[in-house]
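For reference, the structure discussed in these notes is given below.
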Amino acid sequence: MPNKFIKPIIVGNWKMNGLKSSIDELVKLIDLCSKNTKFDVVIAPPYTLLHSFNDLIKKNESLLKLGAQDCHHIASGSHTGSVSGEMIKDSNAQYVILGHSERRIQHKETNELVSKKAHAAQLLKLNTIICVGESLEDRSNGNHKEVIGRQLADSLPNGFTNKNTIVAYEPIWAIGSNNSASKEEINQMHKFIASFLLKYSKENYSLPIIYGGSVTQFNAKEIINIDYVNGLLVGGASLKADSFFGIIDAI
Ligand code: PEP
């Protein structure tokens with residue numbers, strides 16, 4: 001059964017974008033979102049903005065939630081340039097995106113590392129958004145289900161639950177391409193992921209499964225209404241309050 005009783009979640013991933021002055025976009029977004037109670041809206045700016053964004057969210061008593069884009073799997077120590085789950089918690093962020101394809105490709109992150117990070121984050125009671133997605137080559141070869149199944153089996157840590165884990169299906173070929181996957185492709189893969197997880201988890205969990213890849217205010221409504229889609233992960237269109245709110249407003 002499509003899991004449509006879950007409150008939809010819309011996540012904005014700013015990636016390596018945003019300076020101190022970007023707080024203006026957050027001010028605007030807080031204002032635009034003030035009447036939204038239908039969806040959980042999460043904004044994931046770069047680490048450097050987490051504390052100031054948290055201050056503003058608190059000051060405005062906004063329902064917007066804060067997320068980080070990655071975390072290290074160790075709490076502290078000699079890991080120059082890394083940020084731990086504890087540091088993310090310290091900023092009051094409640095979510096962390098893990099295993100994004102850009103980290104898997106650019107930082108050579110393996111499923112095993114993603115699983116370690118997710119385990120560490122879940123111990124700290126962070127909500128983990130674990131990304132999976134196939135390349136164009138995998139899809140052309142017809143290997144997409146096998147690849148996603150492997151990513152899920154190896155990236156989800158022992159002990160994950162439907163309270164601390166969201167799966168983001170993000171076909172790599174759709175990210176930043178202005179060409180989202182089709183309705184049929186999204187439905188087929190979300191359905192596959194839902195039934196895989198049901199069988200894979202001993203507790204038969206149905207986790208929220210969100211879609212990412214060139215979501216805009218023009219296709220958001222159609223995508224969110226697809227069976228087995230419980231939310232959206234938005235990159236480019238989340239950078240400006242107007243276009244991000246356009247998505248929230250459209251659905
Ligand atoms: C992403 O990278 O997570 C993403 C979905 O990007 P975009 O919306 O720009 O395709």
Side-chain angles (χ1 to χ4, degrees), residues 1-13 38-42 44 67 95 97-101 104 111 114 118 127-136 138-156 160-201 203-235 237-238 247-248 250-251:
M1 276 286 287
N3 197 354
K4 279 290 182 195
F5 59 84
I6 295 171
K7 189 177 181 187
I9 177 166
I10 316 297
V11 184
N13 172 15
K38 286 197 194 143
F39 314 109
D40 282 329
V41 179
V42 180
Y95 291 81
I97 300 170
L98 295 169
H100 190 283
S101 58
R104 290 178 184 267
N111 291 328
V114 175
N127 294 307
T128 50
I129 301 169
I130 300 182
C131 304
V132 294
E134 81 283 1
S135 66
L136 193 55
D138 295 328
R139 185 158 274 269
S140 317
N141 294 337
N143 291 336
H144 43 295
K145 287 190 179 166
E146 196 187 319
V147 168
I148 300 298
R150 176 70 23 234
Q151 286 181 356
L152 289 169
D154 293 347
S155 303
L156 292 169
F160 75 88
T161 73
N162 55 358
K163 299 276 181 299
N164 64 18
T165 306
I166 294 167
V167 169
Y169 171 60
E170 296 207 298
I172 299 170
W173 45 272
I175 294 178
S177 67
N178 284 328
N179 248 326
S180 76
S182 70
K183 211 173 146 184
E184 293 69 33
E185 287 164 338
I186 297 172
N187 177 247
Q188 188 198 45
M189 290 310 289
H190 278 238
K191 192 173 174 184
F192 167 75
I193 292 169
S195 59
F196 182 95
L197 292 170
L198 213 56
K199 279 192 231 124
Y200 178 72
S201 62
E203 296 81 0
N204 301 119
Y205 284 133
S206 36
L207 303 185
I209 307 166
I210 65 178
Y211 169 80
S214 295
V215 175
T216 65
Q217 56 192 302
F218 306 108
N219 59 17
K221 189 171 178 185
E222 180 175 61
I223 296 175
I224 199 88
N225 283 322
I226 299 171
D227 282 346
Y228 302 95
V229 173
N230 306 115
L232 304 169
L233 179 50
V234 185
S238 71
I247 290 173
I248 296 161
I251 60 180

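None of these values were measured; they are calculated from a predicted model. The figures here come from the full heavy-atom set of this structure, side chains too, leaving out hydrogens, waters and symmetry mates.
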Which heavy-atom pair separates [X] from [Y] by the least distance, and what is that distance?
| X | Y | answer |
| --- | --- | --- |
| Gly12 | Ser238 | CA-CB, 3.5 Å |
| Ser214 | Ser177 | OG-N, 3.1 Å |
| Ser206 | Leu198 | N-CD1, 4.2 Å |
| Phe39 | Ile251 | CZ-O, 3.3 Å |
| Ile129 | Ala168 | CG2-CB, 4.0 Å |
| Cys131 | Arg104 | O-NH2, 3.0 Å |

Check: [X] side chain, [Y] main-chain N or O, donor-acceptor pair, under 3.5 Å:
| X | Y | value |
| --- | --- | --- |
| Gln151 | Gly133 | yes |
| Ser155 | Leu152 | no |
| Tyr211 | Ala181 | yes |
| Asn230 | Ile209 | yes |

Single hit among Leu207, Val114, Ile166 for side chain to side chain contact (heavy atoms under 4.5 Å, CB included) with Ile130: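 Of Leu207, Val114, Ile166, side chain to side chain contact (heavy atoms under 4.5 Å, CB included) with Ile130 is met by Val114 alone.
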Whether Phe196 and Tyr200 hold their rings parallel, tilted or perpendicular, with breakpoints at 30° and 60°: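 Answer is parallel, since the angle falls under 30°.
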[atom1] of [X] to [atom2] of [Y]: how many Å apart, nearest 0.5 Å?
| X | Y | atom1 | atom2 | value |
| --- | --- | --- | --- | --- |
| Leu232 | Lys221 | CG | NZ | 13.5 Å |
| Lys183 | Asn219 | NZ | CG | 12.5 Å |
| Lys191 | Met189 | NZ | CE | 13.0 Å |
| Ile223 | Ser182 | CD1 | OG | 10.0 Å |
| Leu136 | His144 | CG | NE2 | 11.5 Å |
| Ile10 | Lys38 | CD1 | NZ | 11.5 Å |

Worked check of side-chain contact (heavy atoms from CB on, under 4.5 Å) between Ile9 and Tyr95: CA-CA 11 Å; Ile9 177 166; Tyr95 291 81; 3.6 Å; yes
Residues forming a side chain to side chain contact (heavy atoms under 4.5 Å, CB included) with Ile172, sequence neighbours excluded: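 Scan of Ile172 (side chain to side chain contact (heavy atoms under 4.5 Å, CB included), adjacent residues dropped) gives Ser101, Ile105, Ser135.
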Should [X] and [Y] count as side-chain neighbours, where that means a heavy-atom distance under 4.5 Å?
| X | Y | result |
| --- | --- | --- |
| Asn143 | Glu134 | no |
| Thr216 | Val234 | no |
| His190 | Asp227 | no |
| Ile248 | Val41 | yes |

Full working for side-chain contact (heavy atoms from CB on, under 4.5 Å) between Ile210 and Tyr169: CA-CA 6 Å; Ile210 65 178; Tyr169 171 60; over 6 Å; no
Audit row: Leu156, Leu197, side-chain contact (heavy atoms from CB on, under 4.5 Å) steps and yes/no: CA-CA 10 Å; Leu156 292 169; Leu197 292 170; 3.5 Å; yes
